[in-house]
Enquirer: 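Got a structure here, written out as structure tokens. Questions coming.
Each chain gets a letter, A, B and so on, in the order its sequence line appears, and its residues count up from 1. Since we're looking at a predicted model, the values are computed, not measured.
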Amino acid sequence: MSADDHDHGDHHHRSELSEMQLRVRALETILTQKGYVDPTALNVIIETYETKIGPHVGARVVAKAWNDLAFQQALIQDGTKAVSSLGHQVGDHLVVVANTLQRHNMVVCTLCSCYPWDVLGLPPVWYKSAAYRSRAVKEPRGVLADFGVSLPPTTEIRVWDSTAETRFLVLPMRPPQTDGWSEDKLATLVTRDCMIGTGLPKKPSEVA
Amino acid sequence: MDGIHDMGGMDGFGKVDPEHNEPVFHEGWEGRVLAMNRAMGASGSWNIDMGRLRDRIASTACLPGKFLLQEVVSSARADAYSARPYRSRRDSGWPRVASRQDLEPWGVNRVRCRACVAARLVRTASTGAGAV
């Protein structure tokens, strides 16, 4: 229903819309009437981000890297090219940074909200928050604690600041006791946060 | 660099408060606004610099909320509300409505990139500066 549809019998229903809902409807109506947007096209875009582009894409990449060392090397060497080889188009320069026992990687955008949309979908609200953007580079261990993550003091934490051109994806360490697991099963261990570096992969016992 | 656009190392913003099981969209209107943002980028009616201007003026917790402000102020008022008839813009071939091929899964993301790249090209051409 466009914002200027006026049904005199529907006042009670319309009064339940919030101010934001009314504003958005009004905006969509204007842009549609002016010929800028097609409401059915908007539906396609929404469905795309709800079902087709999201952390499940990144999880597949990570799971393959865990099971295929040649792919893992290619991924670290040129993330954009390696991810594209799986059929996922990457619009930005994607750099994959691998966690080791000695080094944990974490990604932030201190400037705004640059994020690897192609492999993780929409950024979560906290990624864009002032608290995360300000503290990630200054007090990464404290930020990790906010996520319930504690790393050994001997593990170096490296924070990568994203730019408009360069996006980062963390390749977490493969959890132990996953030998012989298929890529599909491994992907169930890979969380969005562990690909940003604010989390760790699930343990096998959590998905069994 | 200590402006609102470069927050690295600033104090006083408290702890990070992750939302457990955060949905893609918290409310339906967020998806509509994001989609409008993408579609406006595809049409060439919006670029990321308009959004950054908004960031300096207003800050909201959610990205779709920012997009809404961008669209309302930067696009709707500046252009959609203008006296210039839509027909003349349409016949000139610019801006255009997002086409079907823009809306395949990866095309949707390219729409975002197009908006960013367009902004960079404009900036580079006008100032000789490099990347954003």
Side-chain angles (χ1 to χ4, degrees), chain A residues 18 20-21 23-25 27-28 30-31 33-39 41-46 48-50 52-54 88-92 108 110-113 117-118 121-126 128-138 142-143 145-147 159 161 163-165 193 198, chain B residues 5-19 22 24-29 31-36 38-40 43 45 48 52 55 59 61-63 65 68 71-72 75-76 79-81 86 89-90 95 97-98 100 102-103 105-106 108-113 116 120 131-132:
Chain A
S18 68
M20 187 64 87
Q21 288 170 318
R23 290 175 68 190
V24 172
R25 283 194 180 197
L27 177 63
E28 183 174 335
I30 290 169
L31 296 181
Q33 289 178 344
K34 293 286 183 181
Y36 283 98
V37 301
D38 173 353
L42 301 184
N43 295 339
V44 174
I45 295 172
I46 292 167
T48 298
Y49 282 114
E50 285 181 329
K52 295 180 177 135
I53 300 178
H88 304 300
Q89 290 193 18
V90 182
D92 305 297
V108 67
T110 60
L111 291 171
C112 49
S113 56
W117 287 65
D118 301 297
L122 270 73
V125 167
W126 60 259
K128 298 162 283 183
S129 70
Y132 183 72
R133 291 165 53 195
S134 62
R135 278 179 69 221
V137 293
K138 190 175 187 180
V143 169
D146 294 344
F147 286 84
V159 181
D161 200 353
T163 71
E165 284 83 16
D193 288 2
T198 55
Chain B
H5 58 288
D6 184 10
M7 303 195 75
M10 292 176 76
D11 293 315
F13 292 103
K15 289 189 169 185
V16 183
D17 185 19
E19 179 181 350
E22 182 179 339
V24 176
F25 301 114
H26 295 79
E27 294 188 46
W29 66 264
R32 303 307 292 177
V33 173
L34 176 73
M36 281 189 273
R38 293 292 179 264
M40 293 296 282
S43 76
S45 309
I48 201 164
R52 294 206 163 136
D55 280 353
S59 178
C62 67
L63 202 56
L68 177 62
E71 299 297 351
V72 168
S75 298
D79 200 4
Y81 288 154
Y86 164 63
R89 296 199 307 272
R90 184 193 63 190
V97 179
R100 186 74 199 177
D102 288 325
L103 304 176
W106 307 108
V108 169
N109 244 8
R110 278 198 298 277
V111 165
R112 173 181 65 83
C113 297
C116 297
R120 286 199 292 276
V132 173

Enquirer: Might you point out which heavy atoms bring Met36(B) and Glu28(A) nearest each other, and give the distance in Å?
Expert: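 Closest approach of Met36(B) to Glu28(A): SD-CA, 3.6 Å.
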
Enquirer: Looking only at non-hydrogen atoms, find the nearest pair between Leu42(A) and Ala39(B) and report the distance.
Expert: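 What the structure gives for the nearest pair is CD2-CB, 3.9 Å.
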
Enquirer: Of all the heavy-atom pairs spanning Val24(B) and Tyr49(A), show the shortest one and how long it is.
Expert: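 Distance-wise, the nearest heavy atoms are CG1-O, 3.8 Å.
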
Enquirer: Hey, does the side chain of Glu22(B) reach the backbone of Val125(A) with a donor-acceptor pair shorter than 3.5 angstrom?
Expert: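 Present.
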
Enquirer: Looking only at heavy atoms, what is the nearest atom pair of Gly14(B) and Ala131(A), with distance?
Expert: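 Closest approach of Gly14(B) to Ala131(A): O-CB, 3.5 Å.
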
Enquirer: Kindly indicate, with the supporting measurements, whether the criterion side-chain contact (heavy atoms from CB on, under 4.5 Å) is fulfilled by Leu34(B) and Leu122(A).
Expert: CA-CA 10 Å; Leu34(B) 176 73; Leu122(A) 270 73; 3.8 Å; yes

Enquirer: Could you state the interatomic distance from OH (Tyr36(A)) to CE (Met40(B)), rounded to the nearest 0.5 Å?
Expert: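 Nearest 0.5 Å value for the OH-CE distance: 6.0 Å.
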
Enquirer: Tell me, with the steps shown, if Lys15(B) and Arg135(A) meet side-chain contact (heavy atoms from CB on, under 4.5 Å).
Expert: CA-CA 8 Å; Lys15(B) 289 189 169 185; Arg135(A) 278 179 69 221; 4.2 Å; yes

Enquirer: Before giving the answer on side-chain contact (heavy atoms from CB on, under 4.5 Å), spell out for Leu27(A) and Arg32(B) the whole-Å C-alpha distance, their side-chain angles and the decisive distance to 0.1 Å.
Expert: CA-CA 10 Å; Leu27(A) 177 63; Arg32(B) 303 307 292 177; over 6 Å; no

Enquirer: Looking at every non-hydrogen atom in both residues, tell me the closest pair between Ile46(A) and Ala35(B) and how far apart they are.
Expert: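 What the structure gives for the nearest pair is CG1-CB, 3.9 Å.
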
Enquirer: If you count heavy-atom pairs under 4.5 Å between each of Thr198(A), Asn43(A), Val143(A) and chain B, which one has the most?
Expert: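 The residue among Thr198(A), Asn43(A), Val143(A) with the greatest pair count is Asn43(A).
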
